[in-house]
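Structure first, commentary second.
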2 protein chains.
Amino acid sequence: MCALRVVESEPGQSRYAALAAAMRARIVAGEWPPGCAIPAEQTLASEHGVALGTMRRALDLLAEQGLVERIHGRGTFVRQGLGGAPMLRFFRFGASGPDAPKSRILARERVAAPAEIARALACGPGEQALRLKRLRSVGGQPALHEEIWLPLPLFSALAEGDPGGWGDLLYPVFAERCGVHVHRAVDTIGFGSLGVAPARALRLPAGHPCARVQRQAFDLAGRCVEWRTTLGDANAFHYTVSIT
Amino acid sequence: MCALRVVESEPGQSRYAALAAAMRARIVAGEWPPGCAIPAEQTLASEHGVALGTMRRALDLLAEQGLVERIHGRGTFVRQGLGGAPMLRFFRFGASGPDAPKSRILARERVAAPAEIARALACGPGEQALRLKRLRSVGGQPALHEEIWLPLPLFSALAEGDPGGWGDLLYPVFAERCGVHVHRAVDTIGFGSLGVAPARALRLPAGHPCARVQRQAFDLAGRCVEWRTTLGDANAFHYTVSIT
DNA sequence: AAGTGGTCTAGACCACTCT
DNA sequence: GAGTGGTCTAGACCACTTG
């Protein structure tokens, strides 16, 4: 057997970077699923025939990139997907505690994805997708209106059954029912005005100014697994960025 | 003379963290001004009586925090302040290249700072401050309207003379004329509608929807040295955030 | 060629967590 | 107490920049 798992690095790349890339590949391939503990530093170091410090740097790199989480005294773990990517960090609604907003599915359809969305979702143009419309309420008041596109057949488990049992957060549902772990999301913020349908759902006049958050969510392998557009009252929008 | 500069760490703090804090203090105190090279790792390590690796971790920490910049083969340098904190990353105006927007000062007054601003600026309430109004144009079109508060007497050099010679970016002016280096800024994004004066300056109707970016800027020591409110057409706003 | 930061090693010891 | 990650050391060698 090959006891030593040697990693060759491209020229110009450091050994710890090459090790990190190799570990990353093993994680993405599913050798250690999310939440799982990976072997101890010392074990990995001797497995690859490198010094402990070098393997530590590799693991530190993966931790910086958010791929693993290191816990002193316990071990190194593959990170779980995002729990609920808190859309509420973009909005401030009156008297909202830290609770997740209540969620209600308004519509669910299988449709062919339009070109723009098919391109973003990394599925062929015209391929089938699942389109959800969803209303989220805070303190009993409608607050956010969402249109969500999910590629099929990856999410076919969500095309059937009662959406009422899904709960208020979507990403845990993705993980449990579809085995999809959302690892990274990119949100693009803009301002616009409400169309007729979202306005009615939000109990605001059509044309009312709104904030639009367009999200693409990605799994560990970097595939785009969700395309979402969230609308909310522009006056409830606020967001803080620190730059250095 | 005391050849060894020993750093005692609080219990529970690692030695490199204590070293980093000590170095930070020397930088903030002005021992090495912005842009200046600090002594070599080896020099600092023996100066403090620690191993090279330990001093490296301390310097790496400062680099992460944005306090210093490490350049392979050249040295470690105290970071210059922010050049122009590009307000344009929040807006997209037609046909705008990467050039800084043209700047024109509309008004400049010494006034007593209102309570809210005095609190933010870390100067006593009712203390004198400099208030600027400024119009920034992209491609010849007015694009952003700014109200800027600066504490006096720190910025008294800007209270006199012709603002026409300041150029299009403010932070280099702060550095050259007032010795103030902006090191960090916090921007809060909100939404509203234009008042009469900003609307006229921007050639938009009063009440037009606008994005509001409220900025607090800080120097190395963490003092708030600027309070700014920027307004621009809400339809030109866009911003992208990545979450992990 | 001299000086800088970047990588890698090999090993000791400490701090934390679980059983 | 056994196993984990975190800190620290001492030294070798490499890669990059400058004179």
Side-chain angles (χ1 to χ4, degrees), chain A residues 4-24 26-27 32 35-80, chain B residues 4-24 26-27 32 35-80:
Chain A
L4 225 57
R5 190 186 273 266
V6 179
V7 166
E8 72 274 9
S9 57
E10 301 171 13
Q13 192 183 37
S14 55
R15 197 170 309 182
Y16 70 81
L19 284 168
M23 299 288 298
R24 177 184 203 99
R26 293 170 77 177
I27 291 174
W32 301 296
C36 169
I38 71 178
E41 299 176 338
Q42 191 51 261
T43 311
L44 288 168
S46 49
E47 184 180 332
H48 289 90
V50 299
L52 184 60
T54 304
M55 181 52 77
R56 275 187 63 74
R57 286 209 61 175
L59 293 172
D60 284 344
L61 237 188
L62 293 181
E64 266 178 44
Q65 299 172 352
L67 218 67
V68 302
E69 187 176 4
R70 320 199 68 182
I71 304 180
H72 192 171
R74 301 224 300 129
T76 302
F77 301 83
V78 178
R79 273 196 42 181
Q80 302 276 12
Chain B
L4 224 56
R5 189 186 274 265
V6 179
V7 167
E8 72 274 11
S9 56
E10 301 171 13
Q13 193 183 37
S14 57
R15 197 172 308 182
Y16 71 80
L19 284 167
M23 300 286 299
R24 179 184 200 100
R26 292 169 78 177
I27 290 173
W32 302 296
C36 171
I38 71 179
E41 299 176 340
Q42 190 53 259
T43 311
L44 288 168
S46 49
E47 183 180 330
H48 288 89
V50 299
L52 184 59
T54 304
M55 180 54 77
R56 274 188 65 76
R57 286 208 61 174
L59 294 171
D60 284 343
L61 237 188
L62 294 180
E64 266 177 44
Q65 298 171 352
L67 218 68
V68 302
E69 189 174 4
R70 319 199 70 183
I71 303 180
H72 192 172
R74 302 224 302 130
T76 303
F77 301 83
V78 178
R79 273 198 38 183
Q80 303 274 15

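Residue numbers begin at 1 in each chain, while the letters A, B, ... track the order of the sequences.
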Handout entry: Close approaches to DNA chain D from residues 56-73 of chain B, in residue order (heavy atom, under 4.0 Å)
Key = B/Arg57, B/His72, B/Gly73

Problem - Between CG on residue A/Leu19 and OG1 on residue A/Thr54, distance to nearest 0.5 Å - result: 7.5 Å

Exercise for the section: Over all heavy atoms of both residues, which pair between B/Thr43 and B/Ser46 is shortest? Give the atoms and the distance, please. Expected result: O-OG, 3.2 Å

Exercise for the section: Provide, to the nearest angstrom, the distance between the CD atom belonging to A/Gln42 and the C1' atom belonging to D/dG3. Expected result: 12 Å

Show each protein N/O and nucleotides 9-11 of chain D N/O combination with a separation under 3.5 Å, one pair to a line.
residue: D/dT9; atom: OP1; partner: B/Arg15; partner atom: NH1; Å: 2.9
residue: D/dT9; atom: OP2; partner: B/Ala51; partner atom: N; Å: 3.0
residue: D/dT9; atom: OP2; partner: B/Thr54; partner atom: OG1; Å: 2.2

Handout entry: Side chain to side chain, A/Arg57 and A/Leu61, heavy atoms closer than 4.5 Å
Key = no

Problem - For B/Ala37 against B/Trp32, the heavy-atom pair lying closest together - result: O-CD1, 4.4 Å

Exercise for the section: Quickly work out the B/Gln13 CD to C/dA15 C1' distance and round it to whole Å. Expected result: 16 Å

Exercise for the section: Please examine the side chains of B/Asp60 and B/Arg70, heavy atoms only from C-beta on, and report whether any two atoms are closer than 4.5 Å. Expected result: yes

Completion exercise
From OH of B/Tyr16 across to P of D/dG6 the rounded distance in Å is 9 Å

Problem - Selection from D/dT17, C/dG5, C/dT7 that lies nearest to any side-chain heavy atom of B/Arg74 - result: D/dT17

Handout entry: Any A/Met23 side-chain heavy atom under 4.5 Å of A/Ile38 side chain
Key = yes

Practice task
Check every atom of C/dG6, D/dG6, C/dC8 against the side chain of A/Glu41 and return the nucleotide holding the closest atom.
Solution key: D/dG6

Completion exercise
In terms of heavy-atom contacts, A/Ala22 and A/Val7 come closest through CB-CG2, 3.8 Å

Handout entry: Short N-O contact, B/Arg79 and B/Glu69, less than 4.0 angstrom
Key = no

